[in-house]
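Worksheet: one structure, shown below.
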Amino acid sequence: MIVSSFSFWILLLFCFIEKNTILALPLIDAEGKWTIVESPQYPEFNGIILQIKYKQQEDSYNVNAHIINSFGCFVRFNPAADEWKSSYCAGTEMYILDDKERTKEDNLFKFIRNIQKIIRDDKIFRIITNNGERIDLIRAE
């Protein structure tokens with residue numbers, strides 16, 4: 001009885017580890033609204049809010065922003081490559097008369113489409129693209 005009980009717990013532990021390796025994303029407490037506080041390459045991003053929601057069915061996060069249009073992507077972690085990948089990107093397409101706002105929106109949408117690393121610790125939430133561009137975020141109030 002002890003052997004079978006021990007085997008059961010080993011099997012349960014293996015299933016838990018396997019499930020979490022594939023399904024669980026390495027972000028804790030990431031859902032919610034985040035304000036961009038620093039973006040060395042794009043200072044015009046400062047103050048923009050990103051909305052992040054976990055989508056269990058897709059096993060990914062939905063990262064959205066709104067300037068004039070709303071836009072975003074699903075972002076999923078690939079543990080084998082130890083990187084994030086954006087997919088299923090979409091946005092509304094209202095025409096923007098202001099060239100500065102259109103450029104800012106285009107650049108942020110491009111940034112979200114190219115997410116490669118997400119780093120989360122107690123104080124900062126950092127997103128880095130495959131081009132090395134980064135933004136730092138804090139929880140929005």
Side-chain angles (χ1 to χ4, degrees), residues 2-141:
I2 293 173
V3 172
S4 64
S5 177
F6 179 73
S7 298
F8 169 77
W9 285 109
I10 294 295
L11 180 61
L12 186 62
L13 179 62
F14 175 76
C15 290
F16 177 76
I17 291 170
E18 184 67 19
K19 178 180 182 228
N20 284 323
T21 300
I22 295 169
L23 297 177
L25 300 174
L27 288 180
I28 298 185
D29 193 31
E31 287 191 277
K33 292 182 179 182
W34 295 87
T35 302
I36 299 173
V37 293
E38 185 176 353
S39 176
Q41 295 83 3
Y42 301 103
E44 66 273 14
F45 289 177
N46 293 346
I48 295 174
I49 293 177
L50 296 184
Q51 175 77 34
I52 300 175
K53 295 180 184 176
Y54 180 64
K55 301 293 186 182
Q56 188 171 9
Q57 299 83 358
E58 291 85 11
D59 189 30
S60 62
Y61 283 90
N62 191 351
V63 179
N64 293 298
H66 176 83
I67 296 177
I68 302 295
N69 290 293
S70 295
F71 51 91
C73 297
F74 284 104
V75 182
R76 184 175 188 166
F77 184 69
N78 177 351
D82 190 31
E83 68 181 19
W84 293 81
K85 180 91 172 139
S86 298
S87 61
Y88 302 112
C89 301
T92 59
E93 294 186 18
M94 293 177 50
Y95 185 72
I96 304 171
L97 295 174
D98 184 353
D99 287 338
K100 185 177 175 184
E101 289 297 300
R102 182 176 34 250
T103 301
K104 178 172 37 173
E105 189 171 279
D106 289 346
N107 288 339
L108 185 56
F109 195 20
K110 183 176 84 175
F111 185 95
I112 293 171
R113 287 192 311 260
N114 290 299
I115 290 174
Q116 182 177 29
K117 296 218 177 280
I118 298 178
I119 302 163
R120 172 93 166 97
D121 65 27
D122 292 339
K123 297 181 182 178
I124 202 77
F125 188 23
R126 177 169 286 167
I127 301 175
I128 303 170
T129 68
N130 52 19
N131 304 349
E133 299 168 338
R134 74 170 171 87
I135 58 173
D136 293 343
L137 305 106
I138 59 170
R139 186 142 331 250
E141 297 180 12

Point-to-point distance, once rounded to the nearest 0.5 Å, from CD of E44 to CG of N107: 6.0 Å
Rounded distance [0.5 Å steps], SG in C73 versus NZ in K85: 10.5 Å
Check against side-chain contact (heavy atoms from CB on, under 4.5 Å), V75 and S86: CA-CA 4 Å; V75 182; S86 298; 3.8 Å; yes
Atom of L137, atom of I124 and distance for their closest heavy-atom approach: O-CD1, 3.7 Å
Taking every non-hydrogen atom, the tightest pair across Y42 and K110: OH-NZ, 3.9 Å
Distance (rounded to the nearest 0.5 Å) between I128 CD1 and I118 CD1: 10.0 Å
Atom pair CG/CZ of L50 and F125 - distance to nearest 0.5 Å: 8.5 Å
Minimum heavy-atom distance between E83 and Q116, given as atom pair plus value: OE1-NE2, 2.9 Å
Distance (rounded to the nearest 0.5 Å) between L108 CG and R113 CZ: 10.0 Å
Heavy-atom side-chain proximity of D82 to F77 below 4.5 angstrom: yes
I127/F111 under side-chain contact (heavy atoms from CB on, under 4.5 Å): CA gap, chis, key distance, verdict: CA-CA 9 Å; I127 301 175; F111 185 95; 3.7 Å; yes
R102 with E105: basic N within carboxylate O range, under 4.0 Å: no
Whether F71 and F109 hold their rings parallel, tilted or perpendicular, with breakpoints at 30° and 60°: tilted
Main-chain N/O of S70 paired with T92 side-chain donor or acceptor, under 3.5 Å: yes
Smallest separation among heavy atoms of I52 and W34, with atom names: CD1-CD1, 3.7 Å
Under 3.5 Å: donor-acceptor pair, side chain of D98, backbone of K100: yes
Distance-only side-chain donor-acceptor flag, N62 / Y54, under 3.5 Å: no
Test log, rule side-chain contact (heavy atoms from CB on, under 4.5 Å), inputs Y61 and K55: CA-CA 6 Å; Y61 283 90; K55 301 293 186 182; over 6 Å; no
D136 and R126: CA distance, side-chain angles, deciding distance, side-chain contact (heavy atoms from CB on, under 4.5 Å) verdict: CA-CA 5 Å; D136 293 343; R126 177 169 286 167; 2.6 Å; yes
Under 3.5 Å: donor-acceptor pair, side chain of T129, backbone of N131: yes
Shortest non-hydrogen contact from F45 toward I135: CD1-CG2, 4.0 Å
Interatomic spacing from CE in M94 to CD1 in I67 - rounded to 0.5 Å: 13.0 Å
Any donor-acceptor pair under 3.5 Å from Q41 side chain to R134 backbone: yes
